[in-house]
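Chain identifiers are assigned alphabetically (A, B, ...) following the order of the sequence lines, protein sequences preceding nucleic acid strands; residue numbering begins at 1 within each chain.
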Amino acid sequence: NEPAGYATGQLYTRYKNMKVEWRAFVSLGRSGIAGFGLYAKRDIDMNQMVIEYVGEVIRSEICEIREKMYSQKNKGIYMFRIDSDYVIDATMSGNLARYINHSCDPNCYTQIVTIDNDKKIVIFAGRPIKAGEELTYDYQFELEDTEDKIPCLCGAPNCVKWMN
Amino acid sequence: YAAYAPDFKEIGENMEYQEKESEFDVYDE
Amino acid sequence: QVVISTNDRAHQLEVSDDRLTVTGKDGYAVARATHFILYGKWYYEVELLDQPEGSHTRIGWCQQLASLQACLGYNQFSYSWRSKKGTRFHNAIGRTYSKEDYRVGDVLGCLIELPERD
């Protein structure tokens with residue numbers, strides 16, 4: 001579960017540092033991709049931990065119920081699957097990570113790391129990122145042939161036009 | 001930015017959701 | 001002997017060594033028996049051994065497509081009787097049934113009658 005070349009102990013320390021410093025590295029702004037987006041406030045190194053995707057830890061069955069409820073209320077759905085049993089729901093409570101948009105050519109990647117026996121979703125920089133760049137990661141949505149396909153507006157040269 | 005997402009609560013750590021007894025019920029007696 | 005299945009249950013449920021007792025936590029989950037039935041009349045009994053504050057049980061019958069990670073009676077493949085108010089549930093709809101709670105020490109009898117196979 002760790003980026004190549006980092007010992008577990010280092011991951012723990014890096015995680016704890018990130019939890020203290022992340023606000024200095026990111027800021028919310030209007031996104032060119034969709035609604036709001038998260039931007040780098042300063043240069044970010046490759047493989048640096050940027051932010052944790054925080055929210056309510058819910059079971060898959062509860063996730064199904066909530067998705068229907070949020071859709072009925074036309075609420076934007078902010079969720080991230082942590083494993084086969086649990087999902088992080090950041091729709092009603094979470095942090096700024098919920099605003100990071102999808103891109104087919106992302107500058108960040110996500111990793112599940114285990115800290116103090118808890119699984120955490122952490123977003124890492126996939127390459128050196130300049131201050132002012134919008135942070136993106138691949139949402140890794142399952143490809144679906146349903147009628148509710150979500151168009152992708154990332155604008156990347158390799159964009160595949162659909163997010164799911 | 002809470003103003004952009006009404007009733008949104010910012011939290012620093014993941015929150016274990018405590019399920020209600022009626023979590024799966026559409027209609028109770 | 002019909003006991004609680006080791007595999008056909010939500011993995012977070014604890015099953016005793018003799019596989020006759022199941023203990024749950026953190027939300028409803030289902031454990032099924034080792035044997036299923038196809039026809040005829042079947043009956044089993046369950047004793048409620050413990051009921052920590054605010055916890056409840058929903059006990060009854062279900063088919064294979066009932067969700068193990070939800071309560072019994074959540075979809076159209078399962079039927080349950082709830083300790084709170086004695087409500088029966090099917091397809092997530094609760095109906096008045098025994099009009100009062102069942103609690104620790106009560107023994108529930110669950111009977112199902114399926115048409116005989118011709």
Side-chain angles (χ1 to χ4, degrees), chain A residues 15-16 18-20 22-23 26-31 35-38 51-66 68-70 73-80 82 86-99 112-122, chain B:
Chain A
Y15 173 81
K16 291 296 177 189
M18 177 272 285
K19 291 299 280 183
V20 171
W22 66 269
R23 288 181 191 285
V26 296
S27 69
L28 186 65
R30 191 153 296 285
S31 161
F36 291 104
L38 205 63
I51 188 171
E52 178 184 355
Y53 193 100
V54 167
E56 272 183 295
V57 182
I58 59 173
R59 285 199 284 166
S60 292
E61 283 292 350
I62 308 287
C63 169
E64 300 288 325
I65 294 172
R66 287 196 178 184
K68 286 194 196 87
M69 182 192 44
Y70 292 150
K73 292 180 183 172
N74 283 322
K75 260 187 179 305
I77 297 175
Y78 300 82
M79 291 184 176
F80 197 120
I82 203 164
Y86 290 95
V87 168
I88 302 272
D89 179 4
T91 306
M92 301 306 290
S93 43
N95 69 0
L96 281 183
R98 75 200 286 269
Y99 289 106
I112 308 292
V113 296
T114 302
I115 304 288
D116 300 332
N117 276 329
D118 274 339
K119 285 181 182 175
K120 312 278 186 188
I121 297 170
V122 176
Chain B
Y1 62 96
Y4 305 134
D7 350 311
F8 176 75
K9 194 175 78 183
E10 185 179 0
I11 51 177
E13 295 298 328
N14 283 340
M15 204 165 58
E16 294 293 324
Y17 174 62
Q18 295 302 311
E19 291 174 24
K20 298 184 291 292
E21 194 283 323
S22 59
E23 198 67 52
F24 299 97
D25 300 342
V26 168
Y27 175 77
D28 199 340
E29 63 169 89

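S93(A) pairs by the side-chain hydrogen bond (donor to acceptor under 3.5 Å, both in side chains) definition with nothing, not counting sequence neighbours.
Under the 3.5 Å distance criterion, the side-chain polar atoms of K19(A) are left unmatched by any main-chain donor or acceptor of E13(B).
Listed by sequence position, E23(B), F24(B) are the residues of residues 20-29 of chain B in contact with chain A, using a 4.5 angstrom heavy-atom cutoff.
If you measure heavy-atom distances from Y53(A) to chain B, the contacts under 4.5 Å come from the backbone alone.
Here the shortest heavy-atom pairing between Y17(B) and I62(A) reads CE2-CG2, 4.3 Å.
Remark: M92(A) CE to M15(B) CE distance equals 10.0 Å, nearest 0.5 Å. Rounded to the nearest 0.5 angstrom, I58(A) CD1 and E19(B) CD are separated by 9.0 Å.
Between E52(A) and N14(B) there is a side-chain heavy-atom pair separated by less than 4.5 Å.
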